[in-house]
Amino acid sequence: MPKHTSSNCILVIESPWELDGQDSNRSSVVPFIEGIAKLHGDTDVYFLNFYDKSSFKTALDCLCKQTFANTIVYVAAHGSSTHIAKVPLKEILSAVSEKSAKFNIRGLMLGSCFAGGKTQLLQNFTQGSGLRWCAGYASSCYWLTGTMIDCAIISSALGMHKEHYQDRDSMNHAFANALVPFAPNAIIGNGKKHDDVPLCESLQFVIQPEGKGHRPLLAAEEIFAQAHSLRVEVETEEAY
């Protein structure tokens, strides 16, 4: 069988969304990710569904067959602060972390409500692994809006090269560029008390550059600050 020729790969592991009563596996992030891959070029996309802990492990094992220069895992499903679909968040983070070094998994995008809120957990499983970044939401997240933001983040990550992964500022700048088109004060979803939560308070990043001495650190505040500096300030005329 012929081997792949692409440098990048996106592995999508998705649980059925059932966004409404007629959603018979109609809704999926896969077409959006395939569009990003085609736009970027030099990128393969592989995907499988999961339904529980066993099927998630099977999906990850099945997808991790080839080693690319830069692989991104995108886990997309309904979630909470402790689970994604029916799988404990710890199990998902552990499984991806264990495979990250062997299969050059540089990034993990958690497209799931509340999964990004456990930032210490994200840091713990990134520490010492091959992962260079992890991102997720600390609140609920509107499906289409979240998918668009996920795609922007993944697209920027596809553009990073080895030298970028060795420098924290370069990585922060890449993700800041991804967020420039999105208003930081836009409501992305709701918190546990059903209060409105803006994007800048929900989206979390953990960054761990390559090399000795680097530790996984929270980076959302710096990334949103850089994104703000990259926007053009528009002066408005006073009303008379």
Side-chain angles (χ1 to χ4, degrees), residues 7-11 33 36-37 39-43 68-75 93 96-97 100-101 103-111 115-139 141 146 148-186 188 197-234:
S7 300
N8 304 302
C9 181
I10 307 170
L11 305 180
I33 292 300
I36 291 297
L39 177 66
H40 190 276
D42 194 30
T43 303
F68 295 79
N70 180 22
T71 294
I72 297 168
V73 171
Y74 183 20
V75 181
L93 296 174
V96 175
S97 177
S100 59
F103 293 100
N104 287 339
I105 299 174
R106 306 283 190 171
L108 172 61
M109 184 72 231
L110 300 174
K118 298 289 187 179
T119 53
Q120 186 60 58
L121 202 61
L122 301 185
Q123 288 177 281
N124 290 344
F125 282 99
T126 302
Q127 176 75 45
S129 73
L131 286 169
R132 297 293 157 247
W133 65 271
C134 181
Y137 301 90
S139 69
C141 183
M148 296 296 97
I149 296 170
D150 297 346
C151 286
I153 292 171
I154 291 171
S155 180
S156 284
L158 291 174
M160 285 195 277
H161 302 292
K162 187 174 180 61
E163 59 269 23
H164 296 120
Y165 284 115
Q166 296 171 346
D167 180 68
R168 193 178 300 275
D169 289 338
S170 295
M171 294 180 68
N172 287 347
H173 186 74
F175 291 125
N177 272 314
L179 297 183
V180 168
F182 301 97
N185 60 343
I188 188 65
V197 178
L199 176 62
C200 62
E201 293 181 12
S202 179
L203 184 58
Q204 301 296 321
F205 288 88
V206 170
I207 302 293
Q208 177 182 240
E210 289 182 354
K212 293 182 179 180
H214 289 299
R215 300 176 61 244
L217 300 177
L218 300 180
E221 186 175 345
E222 296 175 12
I223 290 170
F224 275 102
Q226 284 199 35
H228 176 75
S229 70
L230 294 171
R231 296 188 183 99
V232 175
E233 294 294 332
V234 178

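Values below: all heavy atoms of this structure, side chains included; hydrogens, waters and symmetry mates excluded. The chain is numbered in sequence order, starting from 1.
- Between Val96 and Phe125 the shortest side-chain heavy-atom distance does not fall below 4.5 Å.
- The list of side-chain hydrogen bond (donor to acceptor under 3.5 Å, both in side chains) pairs with a residue in residues 201-219, not counting sequence neighbours, reads Arg106-Glu210, Ser139-Ser202, Lys162-Glu210.
- Note that CG of Leu203 and OH of Tyr137 are 5.5 Å apart. Values are rounded to the nearest 0.5 Å.
- Note that the CD atom of Gln166 and the NE2 atom of His161 stand 13.0 Å from one another [nearest 0.5 Å].
- Side-chain contact check for Arg231 versus Val180: some heavy-atom pair is nearer than 4.5 Å.
- The minimum heavy-atom distance between Ile72 and Ala157, with the atom names listed, is CD1-CB, 3.6 Å.
- Under the 4.5 Å side-chain criterion, counting only non-hydrogen atoms from C-beta, Leu121 is not in contact with Thr119.
- When all heavy atoms of Cys134 and Leu122 are compared, the closest pair comes out as SG-CD2, 4.0 Å.
- Side-chain contact between Leu11 and Phe103: absent, with no pair of heavy atoms (C-beta onward) separated by less than 4.5 Å.
- A pairwise comparison of heavy atoms in His40 and Ser155 identifies CD2-O, 4.2 Å as the closest pair.
- Asp169 pairs by the side-chain hydrogen bond (donor to acceptor under 3.5 Å, both in side chains) definition with nothing, not counting sequence neighbours.
- Summarising the geometry of Pro184 relative to Phe224, their closest heavy-atom pair is CB-CD2, 4.1 Å, with the distance given to 0.1 Å.
- For the pair Ser170 (side chain) and His164 (backbone), a donor-acceptor distance under 3.5 Å is absent.
- Pairing each heavy atom of Asn104 with each of Phe68, the nearest pair is ND2-O, 2.8 Å.
- To the nearest 0.5 Å, atoms CG (Asn70) and CG (Leu158) are separated by 6.5 Å.
- Legend: side-chain hydrogen bond (donor to acceptor under 3.5 Å, both in side chains) pairs involving residues 216-226, not counting sequence neighbours, sorted by first then second residue: Asn172-Glu222, His173-Gln226.
- Side-chain atoms of Val206 and Leu217, non-hydrogen and from C-beta on, never get closer than 4.5 Å to each other.
- Note that the OG atom of Ser156 and the CG atom of Asn177 stand 6.0 Å from one another [nearest 0.5 Å].
- Annotation: side-chain contact (heavy atoms from CB on, under 4.5 Å) contacts of Ala183 (sequence neighbours excluded): Asn185, Ala186.
- The structure places CG of Asn8 at 4.0 Å from OG1 of Thr43, a figure rounded to the nearest 0.5 Å.
- Residues satisfying the side-chain contact (heavy atoms from CB on, under 4.5 Å) test with Gln120, not counting sequence neighbours, are Gln123, Asn124.
- Take Phe205 and apply the ring pair (Phe, Tyr, Trp, His ring centres under 6.0 Å) test, not counting sequence neighbours, and it matches Phe175.
- Within the 4.5 Å cutoff, the side chain of Ile33 has heavy atoms near those of the Tyr74 side chain.
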| field | Worked verdict on Phe182 versus Ile149 for side-chain contact (heavy atoms from CB on, under 4.5 Å) | value | CA-CA 8 Å; Phe182 301 97; Ile149 296 170; 3.7 Å; yes

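- Asp150 and Met109 make their closest contact through OD1-CE, 3.2 Å (heavy atoms, listed as atom of the first residue, atom of the second, distance).
- Side chains of Asp42 and Ser7: a donor-acceptor N/O pair is present below 3.5 angstrom, by distance only.
- Distance check, rounded to the nearest 0.5 Å: CG of Leu218 to CD1 of Ile223 gives 10.0 Å.
- Side-chain N or O atoms of Ser129 include one that pairs as donor or acceptor with a backbone N or O of Thr126 at under 3.5 Å.
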